[in-house]
Amino acid sequence: MNPLSSLLESLLKRNRTEYSEDVRKLINSLINEGDLHHGESWAAHMTPSLESPALLGQLLSGLHNGNLLSPELYPQLVKIEKQLIDWFCRLFEHNHAHFTHGSTYANLEALWQARELSQADSTIVYASQDAHYSVAKACHILGLQFKSIATNERGEISIEALRQACQQQSPLAIIATAGTSSCGAIDAISSCVALAEQFSCWCHIDAAWGGALMLTAKSYLLDGLKEADSISFDPHKALAQPRPCGVLLYQQPLKSISDIDYLAQAPKQTLLGSHGGEIFLPLWFSLLLSGEQKLAQQINHRLLQAKQFYSTLKSQTDWWLLSSPTGIVCFRPASHYDLSPLIEQGIFSTVTINDQLSYRAVFASDKTQAKALLAALEIYF
Ligand SMILES: Cc1ncc(COP(=O)(O)O)c(C=O)c1O
């Protein structure tokens, strides 16, 4: 029996809850549906198989249910939040951070702060054509002009095209992506930061997916990150955490939401409203019970599986392939095979690269095995 089913079963028994066979079937079918993410051949999206300590943290946050808009009522929760924020600030070498409900919100808030705080006399925001669509959406909400910049053959922003664009029209902000959603590419962060300095504009790094590398020996791939004005990162993508768990880091201080009397003074510098332990207690439990080293091992394991998947396809097929440093591999079989059955099973997803339909394997779960994905593809070799 799935461990979650047996936990649910015992909780319901303890509460002496009577429920019908139909309800039991419904619960079990939901549990089975979620089992997709625990399988060896799950590689469709950035949804990881969750760490068991994280599930405990989620349960505890439900029991606690405090709202940090009234921090004076929850000193223990405030203390834990602060411990984690300090941990993130050390990890990313930034001075300030707060939790978010994910990078859609973090990208919006970072651009909002860029608009409020930047000295630049411009409304233009540059990011690569592969930047997550939340960036264009945030610009639309904030009345800014989003301009996309071409990418190179690895899916990274073209620094030459970015420089030329800046020379033609000076920007309010430059956004670099560390781990694009489509193919996992990391933009040249140091060059983006240097251009932002040259043109006196804000530099935000969307590291929603790739920020996890900071926990590993591959953190050098994100060199330049500490000079950025702001960074978004989502433990709910690459650190085996349940949603919502995002973080937004700044180099310059913003007034913390917990320094503000919520009813007397509306918090003006963060988007975050009602929130409590649901955003960070799962991660706190993971760090407490598994430790930072285990999280790093899981990331390294996923990256190794991605590498094995890529090198086997490279040695055994003549397919078009694109690997990335963040654990996403894109591919296109030589002939026009229809891989839709594998898409429907959640094994792979599709993505358009250079106007061509391509397939994408996302190594987000430490349960995902290269050999299981290769076995599913073998008949097309
Ligand atoms: C690079 C990147 N940025 C931002 C986001 C938005 O994150 P969320 O959907 O958690 O808000 C995503 C989502 O996949 C992403 O891949």
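Counting starts at 1 for both ligands and their atoms, following the listed order.
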Numbered in order shown, the ligand 1 atoms found under 4.0 Å of a heavy atom of S181 are 1 (C), 2 (C), 15 (C), 16 (O)
Q.
Is it the case that over 12 heavy atoms from other parts of the model lie below 6.0 angstrom from the OH atom of Y105?
A. no
Paired with Y74, the side-chain contact (heavy atoms from CB on, under 4.5 Å) test is passed by just one of I80, N65, L68, namely L68
Closest non-hydrogen contact found for S230 with L248 is CB-CD1, 4.4 Å
Test side chain to side chain donor-acceptor pair (under 3.5 Å), reference Y250, set H204, H94, E109, output is E109
Candidates H45, H101, K237; heavy atom nearest atom 7 (O) of ligand 1 found on K237
Looking only at protein heavy atoms, what sits closest to atom 9 (O) of ligand 1 is T104 OG1, 3.7 Å
A student checking ligand 1 against H236 at a 4.0 Å heavy-atom cut-off should list atoms 10 (O)
Note: ligand 1 atoms sitting under 4.0 Å from heavy atoms of D234 are 7 (O), 10 (O)
>> Tell me if the centroids of the rings in Y337 and Y380 come within less than 6.0 Å of each other.
In response: yes
Closest to atom 3 (N) of ligand 1 (heavy atoms only, candidates D206, T180, I175) is D206
Atom 12 (C) of ligand 1 sits nearest the protein heavy atom H132 CD2, 3.3 Å
Short version for M46: what comes under 4.0 Å of ligand 1, heavy atoms counted, is side chain
Shortest non-hydrogen pair, L69 vs S274, comes out as CD1-N, 3.5 Å
For G179, the atoms of ligand 1 under 4.0 Å from one of its heavy atoms are 1 (C)
To the nearest 0.5 Å, atom CG of L339 lies from atom OH of Y359 at 4.0 Å
Regarding R90 and D86, does a basic nitrogen lie under 4.0 Å from an acidic carboxylate oxygen? no
(message) When you measure from the heavy atoms of R243 to every atom of ligand 1, does any distance fall below 4.0 Å?
(response) no
At under 4.0 Å between heavy atoms, what of A208 touches ligand 1? The answer is side chain
